[in-house]
Enquirer: 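Below is a structure I'd like to ask you about.
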Protein chains: 2
Amino acid sequence: MDSADPKSPQRRRTSGRASVTIRDVARHAGVSVATVSRALRGSDLVHPATRERVDAAIEELRFTPSQLGRSLAERRHAANGIVFPDLSGPYYAEVVLGYEEVAATLGRSVLILSTHNRESADEMVLDLAGRVDGLAVFGRTVHDDVVAEIVQRGVPVVLMARTEIEGADSVRTENVVAAASVVDHLVTHGHRRITFLGDPVDSTDVAERWAGFRGALAQAGADVPEQAIPAGFKEDDGARVAADLVAGGLPDVVVCANDELALGLTVALAEQGIDVPGDVAVTGWDDVMAARYAGLTTVRQPMREMGARAARLLDARISGDRSEPRHDVLTTQLVVRRSCGPHP
Amino acid sequence: MDSADPKSPQRRRTSGRASVTIRDVARHAGVSVATVSRALRGSDLVHPATRERVDAAIEELRFTPSQLGRSLAERRHAANGIVFPDLSGPYYAEVVLGYEEVAATLGRSVLILSTHNRESADEMVLDLAGRVDGLAVFGRTVHDDVVAEIVQRGVPVVLMARTEIEGADSVRTENVVAAASVVDHLVTHGHRRITFLGDPVDSTDVAERWAGFRGALAQAGADVPEQAIPAGFKEDDGARVAADLVAGGLPDVVVCANDELALGLTVALAEQGIDVPGDVAVTGWDDVMAARYAGLTTVRQPMREMGARAARLLDARISGDRSEPRHDVLTTQLVVRRSCGPHP
DNA sequence: CCGGTTTATGTAACCGGTACCAAAGGAGCG
DNA sequence: CGCTCCTTTGGTACCGGTTACATAAACCGG
């Protein structure tokens, strides 16, 4: 009778993987798909005896509900995205860690995207935005209009270490005050000629640090340099400027936009016979692990907390608990080590 | 006439986000959904003029195809997963980086999961497996039977730094030869009493390093310790054993299972007035960034390459280019710095 | 024993795409 | 001019779940 029934669906045999569906389970347990679905979701509208039969069928057929089908029906992805310029370096891993941990606790998967410097970055981010319920974007990885586009699509966005954008949340760290505390510390210890290494155009963070740096120098009555020494974010970038720095006459201190720059610079200086902090002091920013071992004076940032905060901000927006954008600022902390010279 | 039609779908107004669908576009362009779909996918079966109308409609309605609908229909996620015990530490970030980079190039998103030590880890991994086309699992994050279950479901799996499992690919680094080269170097420089810090039970990598370590010592005719000094993978774990080590009489060298252990130990020893390498030599494993600045002798592992390799192995399995499991072993390299003592 | 609830289950219409198959229209050819 | 053949297009049945609504069964007090 089964094979005679013309309505019997001609079991399209998908080559390879069998994939058992909720309908298979329903048939096997002698109930309807609705009941199976209810049993799956733990609804209390299912008779215990029925539930048992369903569970047995699920077990027997080794059924696993398709996340895709579920997401489509529920109209939610149960996933968040996070976008970075580049995952390398000790900095970002911590942020991702904090983000992932919170997101996982909230029952959301995490999709990660590193844009490197691909020109297709915008496209990739837009694609990612279509796969998630919310998106965290770090720094200047994507153009403002792309972010705006995503926001307009209705996907909650939180920006990390980046200037605010209409409609998006943001989390960043305190930079101006931190820069001032670095400068104050240096000035107090008698340093006067202080330069800044890093490109303010590259990132909001660096721009703020540079601004804070200048402000504090002015306040302290020290020389305020006209401009920063432009550089990227890697050890190589720091190493590259060492020669110029020596040639141009060493300042008392080089305040670097991040630890990797500072570390790369220090090593390159050492290779030229310049001692840190003997001949020139150096400070960094971030307090990555290597900074501890290199004895680098730096500014500690709560990177993990930044990721965690971003995840929580997103969650609130996604679940509709909040509709007004929020902008959080995390405090930072000066960590003094030997690279800025001996304490009088 | 439109409102009179009883079949007119009562435009279920989903509260909030509007979400325009392919049917809206079709109606707006005066074509069928099939045509829109074809236009979207760049099929050459669409008349240029028609395509133009469709494109205009897409533009006007700001339509973005739903990844969910698409994935469901295509029966693929266009996403890969990667599972870690813990993302912290400088080690994993590099692996993820390599993995993400390749996956992105292959047009797949990356879902990341850190199990920490949650008891729900197995469940979380199984859930993740349902959201991806392939899964990379690092170390002993999940039980063997969970991995087997995922493999059996038909999801390609590649294991990183972990013993092989039936049906899954694997990538790992050379440990035995590397351990031998560490030992040889130490013995050549006159060290005899060499101990091993790290718990072989914790990870396949450590087990192999410990085995290679013992084998090489035996080969060299040096003392072969009965057992390793158990420890985790963090700086704290290294620091914790410092006191015992001093109390028990210092060996010539402590070979550590990873850099963080070695670095933590070194600092803790210094606090007790013990100099490295003056009083005791120390070596690590991984060659993380901090190791360079701390002058730690260690074994460099191609972590980024491991991630990249894993992504490529998965891709081959997913796209059906290969059905037989493959097991790759990456070579490592001894990096000698000052922590293992002066070179005669 | 009966009408009114309450509980348990089934039916079918979604979610938003893809792709198979049929059909319409036009071109080329005998 | 009629008849293939090819190019475009439309209709619709999927993919695998969820859930509103209808219905049937069980329960309950009067």
Side-chain angles (χ1 to χ4, degrees), chain A residues 7-15 17-27 29-54 58 61 63-78 127 130-131 133 153, chain B residues 6-27 29-54 58 61 63-78 127 130-131 133 153:
Chain A
K7 279 183 90 177
S8 150
Q10 65 240 35
R11 189 68 59 90
R12 161 194 309 247
R13 44 181 66 247
T14 49
S15 65
R17 205 188 307 191
S19 109
V20 13
T21 80
I22 200 175
R23 283 162 237 268
D24 298 326
V25 175
R27 201 174 316 131
V31 297
S32 73
V33 292
T35 302
V36 176
S37 177
R38 279 187 283 255
L40 276 174
R41 314 190 47 88
S43 156
D44 50 357
L45 282 159
V46 187
H47 192 90
T50 312
R51 181 184 301 271
E52 216 161 296
R53 289 223 310 289
V54 172
I58 289 175
L61 298 176
F63 166 73
T64 323
S66 151
Q67 288 296 339
L68 280 176
R70 183 168 278 180
S71 292
L72 185 58
E74 289 180 341
R75 313 175 92 183
R76 57 173 241 139
H77 300 262
D127 175 87
R131 304 168 165 275
D133 300 319
R153 264 190 213 171
Chain B
K7 278 183 91 178
S8 150
Q10 66 241 35
R11 189 66 62 87
R12 161 194 309 251
R13 47 180 64 244
T14 49
S15 66
R17 205 188 307 191
S19 107
V20 14
T21 80
I22 199 175
R23 283 162 237 267
D24 298 326
V25 175
R27 200 173 317 131
V31 297
S32 72
V33 291
T35 300
V36 177
S37 178
R38 278 188 285 257
L40 276 175
R41 315 194 44 85
S43 157
D44 51 356
L45 284 161
V46 187
H47 192 89
T50 312
R51 181 184 301 273
E52 215 160 298
R53 288 222 312 288
V54 172
I58 288 175
L61 299 175
F63 166 72
T64 323
S66 151
Q67 289 297 337
L68 280 176
R70 184 167 277 180
S71 292
L72 185 58
E74 289 180 343
R75 310 173 93 183
R76 58 173 242 141
H77 300 263
D127 175 86
R131 304 169 163 274
D133 300 318
R153 264 189 214 172

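A, B, ... follow the sequence lines: proteins, then strands. Residue 1 opens every chain.
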Enquirer: Over how many whole Å does the gap from A:Leu72 atom CG to D:dC15 atom C1' extend?
Expert: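 Rounded to the whole Å, the gap is 9 Å.
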Enquirer: Rounded to whole Å, how long is the line connecting atom CD of B:Gln67 with atom C1' of C:dT18?
Expert: 13 Å
Enquirer: Let's test your reading of the model: under 3.5 Å, does the base of D:dG17 pair with the side chain of A:Arg41 as donor and acceptor?
Expert: no
Enquirer: Select from B:Arg53 and A:Leu68 the residue whose nearest nucleotide in DNA chain D is closer to the 5' end of that strand.
Expert: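 On the 5' side of the pair lies B:Arg53.
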Enquirer: Tell me which nucleotide among D:dG17, D:dT9, C:dG10 gets nearest to the side chain of A:Ala73.
Expert: D:dG17
Enquirer: Identify the two heavy atoms, one from B:Leu68 and one from A:Arg76, that lie closest to each other, and give their separation to 0.1 Å.
Expert: CD1-O, 4.4 Å
Enquirer: Do other residues, nucleotides or ligands put more than 12 heavy atoms under 6.0 Å from B:Glu52 CD?
Expert: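 Atom CD in B:Glu52 is not crowded, with 12 or fewer foreign heavy atoms closer than 6.0 Å.
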Enquirer: What is the distance, to the nearest angstrom, from the CG atom on A:Leu40 to the P atom on D:dT19?
Expert: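 It works out to 12 Å between those atoms.
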Enquirer: Just the rounded figure in Å: distance from C1' of D:dT8 to CD of B:Glu52.
Expert: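 These atoms are roughly 16 Å apart.
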Enquirer: Mind checking B:Gly130 for me? I need base, sugar-phosphate or nothing, with any heavy atom below 4.0 Å counting as a touch.
Expert: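 Contact class for B:Gly130: none.
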Enquirer: Taking CD1 from A:Ile58 and C1' from D:dG16, how many angstroms apart are they, rounded to a whole number?
Expert: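 Rounded to whole Å, this separation is 14 Å.
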Enquirer: Determine yes or no for a side-chain-to-main-chain donor-acceptor pair under 3.5 angstrom, with A:Ser71 supplying the side chain and A:Gln67 the backbone.
Expert: yes
Enquirer: Give the nucleotide from the list C:dT9, D:dG16, C:dG17 with an atom nearest to the side chain of A:His47.
Expert: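 That would be C:dT9.
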Enquirer: Is any N or O donor-acceptor pair between the side chain of A:Arg75 and the base of D:dG17 shorter than 3.5 Å?
Expert: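 No, the side chain and the base share no sub-3.5 Å donor-acceptor pair.
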Enquirer: Just N and O in the side chain of B:Ser19: are any of them under 4.0 Å from OP1 or OP2 of C:dG16?
Expert: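 Answer yes for this pair, as a side-chain N or O of B:Ser19 is under 4.0 Å from OP1 or OP2.
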Enquirer: Could you state the CZ-C1' distance from A:Arg76 to D:dT18, rounded to the nearest angstrom?
Expert: 13 Å
Enquirer: Is the shortest side-chain heavy-atom distance between B:Leu40 and B:Arg70 below 4.5 Å?
Expert: yes
Enquirer: Closest to the A:Val33 side chain: C:dG16, C:dC21, C:dT11?
Expert: C:dT11
Enquirer: Looking at A:His77 and A:Asp133, would you say the former's side chain and the latter's main chain have a donor-acceptor pair under 3.5 Å?
Expert: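 Not confirmed, A:His77 side chain does not pair with A:Asp133 backbone.
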Enquirer: D:dT8, C:dT18, C:dG17: which one has an atom nearest the side-chain heavy atoms of B:Ser37?
Expert: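 Ranking D:dT8, C:dT18, C:dG17 by closest atom to the B:Ser37 side chain puts C:dT18 first.
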Enquirer: Can you tell which of D:dT9, C:dT18, D:dT19 lies closest to the side chain of B:Val46?
Expert: D:dT9
Enquirer: Under 4.0 angstrom, heavy atoms only, what part of the nucleic acid is A:Ser43 near: base, sugar-phosphate, or nothing?
Expert: nothing
Enquirer: Would you say that A:Val54 contacts A:Arg51 through its side chain, given a criterion of any heavy-atom pair below 4.5 Å between the two side chains?
Expert: no
Enquirer: What nucleotide among C:dT18, C:dA8, D:dG16 has an atom nearest to a side-chain atom of A:Thr50?
Expert: C:dA8
Enquirer: When you measure from the side chain of A:Arg38, which nucleotide among C:dG16, D:dG10, C:dG10 comes out closest?
Expert: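 Output: C:dG10.
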Enquirer: In whole Å, I'd like the distance from the CZ atom of A:Arg27 to the P atom of D:dG17.
Expert: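 Taking atom P of D:dG17 as the reference, CZ of A:Arg27 is at 13 Å.
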Enquirer: Mapping A:Leu45 and A:Glu74 onto DNA chain C by nearest heavy atom, which one lands closer to the 5' end?
Expert: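 By nearest-heavy-atom nucleotide position, the 5'-most residue is A:Leu45.
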Enquirer: Go through the N and O atoms of the side chain of A:Arg23 and the base of D:dG17, and report whether any donor-acceptor pair is under 3.5 Å.
Expert: yes
Enquirer: From the list D:dT19, D:dG17, D:dG11, which nucleotide is the closest neighbour of the side chain of B:Ser32?
Expert: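 Side chain of B:Ser32 sits closest to D:dG11.
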Enquirer: When you get a sec, tell me which of D:dG16, D:dT19, C:dG17 is the closest nucleotide to the side chain of A:Ser66?
Expert: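 The listed nucleotide nearest to A:Ser66's side chain is D:dG16.
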Enquirer: Counting only side-chain nitrogens and oxygens, does B:Arg70 get under 4.0 Å of the OP1 or OP2 atom of C:dT18?
Expert: yes
Enquirer: Nearest to the side chain of B:Ile22, which nucleotide is it out of D:dT9, C:dG10, C:dG17?
Expert: C:dG17
